[in-house]
K.L.:
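Submitted below is the structure of interest, expressed as structure tokens.
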Amino acid sequence: KIDWSLLSAMSLVPADSAEAAKLVAGATAWQASASANNTLLDKWHNLFHAYDIQESGTISCGDFVKLEIRNGFEQGDLKRILRAFPTMLKADSISKGRLDFMDFC
């Protein structure tokens, strides 16, 4: 059992144990949210690496468009095929011809 009075005296937690419990619950919820975000970030990284055919850390715009069109055909998704080039242009906003991870996201 945690001695809340000792921690409260050190000004580390509120004096009221109910308030301290809320603080702990909030921190736990935040940690769960952060873990979910890390998982999402990991998924984005995995997808980026799947598109990074040359394993250069960047995706050429041509490769991106080709992969999007191929995936669109495989999934029967005409909208994805039609959006491939505009999506690439939007991601490569400064026209460098390659997408890094931040552009890709």
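All values below come from the heavy atoms of this structure, side chains included, with hydrogens, waters and symmetry mates left out. Computed from a predicted structure; not experimentally measured.
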K.L.:
Among residues at least two apart in sequence or on other chains, which ones pass side-chain contact (heavy atoms from CB on, under 4.5 Å) with Arg98?
P.N.:
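Partners of Arg98 under the side-chain contact (heavy atoms from CB on, under 4.5 Å) test: Gln54, Ser56, Thr58, Ser60.
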K.L.:
Per the side-chain hydrogen bond (donor to acceptor under 3.5 Å, both in side chains) rule, what does the pair list look like for residues 86-95, sequence neighbours excluded?
P.N.:
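Of all non-adjacent pairs touching residues 86-95, none passes side-chain hydrogen bond (donor to acceptor under 3.5 Å, both in side chains).
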K.L.:
Under 4.5 Å between side-chain heavy atoms, hopping through other hydrophobics if needed: is there a path connecting Phe73 to Leu82?
P.N.:
no
K.L.:
Could you measure the distance from the CD atom of Glu74 to the CD1 atom of Ile81? Nearest 0.5 Å is fine.
P.N.:
10.0 Å
K.L.:
So, for Met88 and Val65, which heavy atoms are closest and what is the spacing to 0.1 Å?
P.N.:
CB-CG2, 3.9 Å
K.L.:
Find out if a path of hydrophobic residues (ILVMFWY) with successive side-chain heavy-atom gaps under 4.5 Å connects Ile69 to Leu89.
P.N.:
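Result: yes, single cluster for both.
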K.L.:
Kindly write out the residues that satisfy side chain to side chain donor-acceptor pair (under 3.5 Å) with Asn71, not counting sequence neighbours, or none if the list is empty.
P.N.:
Tyr51
K.L.:
Taking only residues two or more places apart in sequence or in another chain, which ones pass side-chain contact (heavy atoms from CB on, under 4.5 Å) with Lys79?
P.N.:
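Counting only residues at least two positions away or on another chain, Lys79 forms a side-chain contact (heavy atoms from CB on, under 4.5 Å) with Asp77, Arg83.
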K.L.:
Tell me, please, which residues at least two apart from Asp100 pass salt bridge (charged side-chain N to carboxylate O under 4.0 Å, His left out).
P.N.:
Lys96
K.L.:
According to the salt bridge (charged side-chain N to carboxylate O under 4.0 Å, His left out) rule, which pairs have a member within residues 44-69, sequence neighbours left out?
P.N.:
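The answer is Glu68-Arg80.
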K.L.:
According to a hydrophobic-cluster definition based on side-chain heavy atoms being under 4.5 Å apart (Ile, Leu, Val, Met, Phe, Trp, Tyr only), do Met102 and Ile59 belong together?
P.N.:
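Yes, same cluster.
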K.L.:
Which ring-ring contact (aromatic ring centres under 6.0 Å, His included) pairs, counting each pair once, include a residue from residues 75-102, with sequence neighbours left out?
P.N.:
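Those involving residues 75-102 are His45-Phe101, Phe48-Phe101.
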